[in-house]
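In what follows, a structure is listed as structure tokens, so that the remarks can point back to it.
Worth saying up front: this structure is predicted, and the values here are computed from it rather than measured.
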Amino acid sequence: MSAVPIAVDEPLAASPASPGIEAHGLRRAFGEVRAVDGISFTAPSGAVTALIGPNGSGKTTLLLILAGLLAPDQGEARVGGFDVVSESLAARSVVGWMPDAFGTWDALTCTEILSTFAHAYGISRATSPGRVADLLDQLHLAEFADRPARVLSRGQKQRLGLARALVHDPAVILLDEPASGLDPRSRIELRDLLRSLADAGKTVLVSSHVLSELEELYDHAVFLSRGRTVDAALTAQPAVASRGWRLEALDPSGLRAFLDGAGIPWTAGPGTAEVTISLADYASASQLIRAAVGAGVDLHTIAPISGRLEETYLALNEERT
């Protein structure tokens with residue numbers, strides 16, 4: 001049987017961009033609990049790096065260390081080229097930090113809150129009003145500019161927290177669950193904004209439990225488990241190329257023989273009649289269907305499975321053992 005010219009998913013080469021974040025052997029304990037237990041990774045500039053792990057895996061503690069708000073017990077971390085301990089002020093000046101829950105001064109207006117942070121970062125009083133107004137407009141908070149923060153919803157406070165993180169135009173942006181409380185449209189806008197920030201050369205490190213949204217956004221991923229780096233080498237694929245595909249046929253042995261003859265690698269799925277393969281795009285899936293039917297394979301199911309982030313996350317069983 002002649003080989004079918006179907007494009008198979010292949011890993012992309014690592015980005016040559018310089019690291020905006022470098023961490024080596026970071027450790028931090030709270031009493032007997034080792035929240036961060038030897039984390040090492042890099043996050044390049046000009047890219048979005050996803051920080052992924054179950055609750056209690058050390059994500060928030062790691063972000064606090066990188067933001068300069070928590071000192072590590074051991075190890076070294078640099079953001080924007082500055083050591084977060086020995087060059088703390090310089091490091092914090094290039095970092096935009098958005099925590100999971102952004103506390104606000106409820107009596108101050110959105111403009112007053114952002115202006116206060118702008119002045120704290122050394123932005124001149126002549127420049128800050130324009131910067132604040134632009135951010136409020138960009139994050140769809142302009143109508144609340146002169147209203148106290150107490151009238152904002154949870155999602156609106158999240159957007160205000162993002163504006164606060166961006167007010168000084170930082171080179172490194174740290175986001176802890178930024179989509180929490182956002183409506184679907186705001187989530188899409190957040191995704192587009194983070195993508196544009198990375199395209200402008202920023203280093204974006206984002207922690208989120210919504211893996212389906214990160215799937216369309218990330219360039220690199222760092223997986224954490226029990227305070228340790230589990231996998232820091234997963235690189236994004238273009239859109240649908242990051243997905244595997246599930247195939248089933250009336251004659252499973254015939255399907256597997258066809259794939260072998262076509263030179264398409266496959267793995268057995270959870271069902272006895274199921275196999276999974278990796279294809280480059282939907283056009284390749286269409287080619288596969290035509291070739292299988294032409295070869296007499298009674299193919300009755302072909303569907304994309306979960307994205308690579310979710311597949312890899314579910315394969316990390318350490319937290320369940």
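M98 pairs with exactly one of L160, L63, L175 by the side-chain contact (heavy atoms from CB on, under 4.5 Å) rule, that one being L175. When R185, R187, R191 are each tested for a salt bridge (Lys or Arg N to Asp or Glu O under 4.0 Å) with E189, only one passes: R185. A side-chain contact (heavy atoms from CB on, under 4.5 Å) with L162 is found for exactly one of L139, L182, L135, namely L139.
Between the side chains of S93 and H168, no donor-acceptor pair of N or O atoms lies under 3.5 Å. Residues T267 and T276 have side chains that bring a donor and an acceptor to within less than 3.5 angstrom of each other. Checking S186 against D183 by side-chain atom types alone, a donor-acceptor pair falls below 3.5 Å.
Contact check on R78 versus E76 returns a salt bridge, with a Lys/Arg side-chain nitrogen under 4.0 Å from an Asp/Glu carboxylate oxygen. Using a cutoff of 4.0 Å between basic side-chain nitrogens and carboxylate oxygens, R154 and D100 are scored as salt-bridged. Comment: D251 does not engage R256 in a salt bridge, judged by the lack of any side-chain N to carboxylate O separation of less than 4.0 angstrom.
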Next item on the list: For side-chain hydrogen bond (donor to acceptor under 3.5 Å, both in side chains), just list the numbers for D176 and W97, CA-CA rounded to whole Å, side-chain angles, deciding distance to a tenth of an Å, and then say yes or no.
Entry: CA-CA 8 Å; D176 192 5; W97 160 239; over 6 Å; no
Next item on the list: List the steps and the verdict of side-chain contact (heavy atoms from CB on, under 4.5 Å) for L288 and I277.
Entry: CA-CA 11 Å; L288 176 64; I277 65 174; 3.5 Å; yes
Notebook entry, point to check: How far apart are the C-alpha atoms of K157 and L152, what are their side-chain angles, what is the distance that settles it, and do they pass the side-chain contact (heavy atoms from CB on, under 4.5 Å) test?
Noted result: CA-CA 6 Å; K157 286 184 178 180; L152 300 180; 3.7 Å; yes
Next item on the list: Take V84 and F82, measure what side-chain contact (heavy atoms from CB on, under 4.5 Å) needs, and give me the verdict at the end.
Entry: CA-CA 6 Å; V84 298; F82 300 105; over 6 Å; no
Notebook entry, point to check: Stepwise, does the side-chain contact (heavy atoms from CB on, under 4.5 Å) test hold for W105 with T116?
Noted result: CA-CA 11 Å; W105 300 297; T116 298; 4.2 Å; yes
Check: Going through the checks in order, is the side-chain hydrogen bond (donor to acceptor under 3.5 Å, both in side chains) test met by R290 and S286?
Finding: CA-CA 6 Å; R290 289 196 299 270; S286 179; 3.0 Å; yes
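Contact of the V293 side chain with the D298 side chain is not registered, since no non-hydrogen atoms from C-beta on lie closer than 4.5 Å. Contact annotation: the side chain of L136 approaches that of C110 to within less than 4.5 Å [non-hydrogen atoms, C-beta and beyond]. At a threshold of 4.5 Å between non-hydrogen side-chain atoms, the residues L174 and I21 count as touching. Here the side chains of V275 and L259 are in contact, with some heavy-atom distance below 4.5 Å. Side-chain contact check for L205 versus F41: some heavy-atom pair is nearer than 4.5 Å. Using a 4.5 Å heavy-atom cutoff, the side chains of I173 and L166 are in contact. A heavy-atom distance below 4.5 Å is found between the side chains of I289 and I302.
With sequence neighbours excluded, the residues satisfying salt bridge (Lys or Arg N to Asp or Glu O under 4.0 Å) with D169 are K202.
A cation-pi arrangement, defined by a distance under 6.0 Å to the six-membered ring centre and an angle within 45 degrees of its axis, is present between R28 and F30.
At distances below 3.5 Å, not a single donor-acceptor pair connects side-chain atoms of R228 with backbone N or O atoms of D37. Side chain of T111 to main chain of A145: a donor-acceptor pair is present (N/O by atom type, distance under 3.5 Å, no hydrogens or angles).
Crowding of R195 atom CZ: a count of heavy atoms from other residues, nucleotides or ligands under 6.0 Å exceeding 12.
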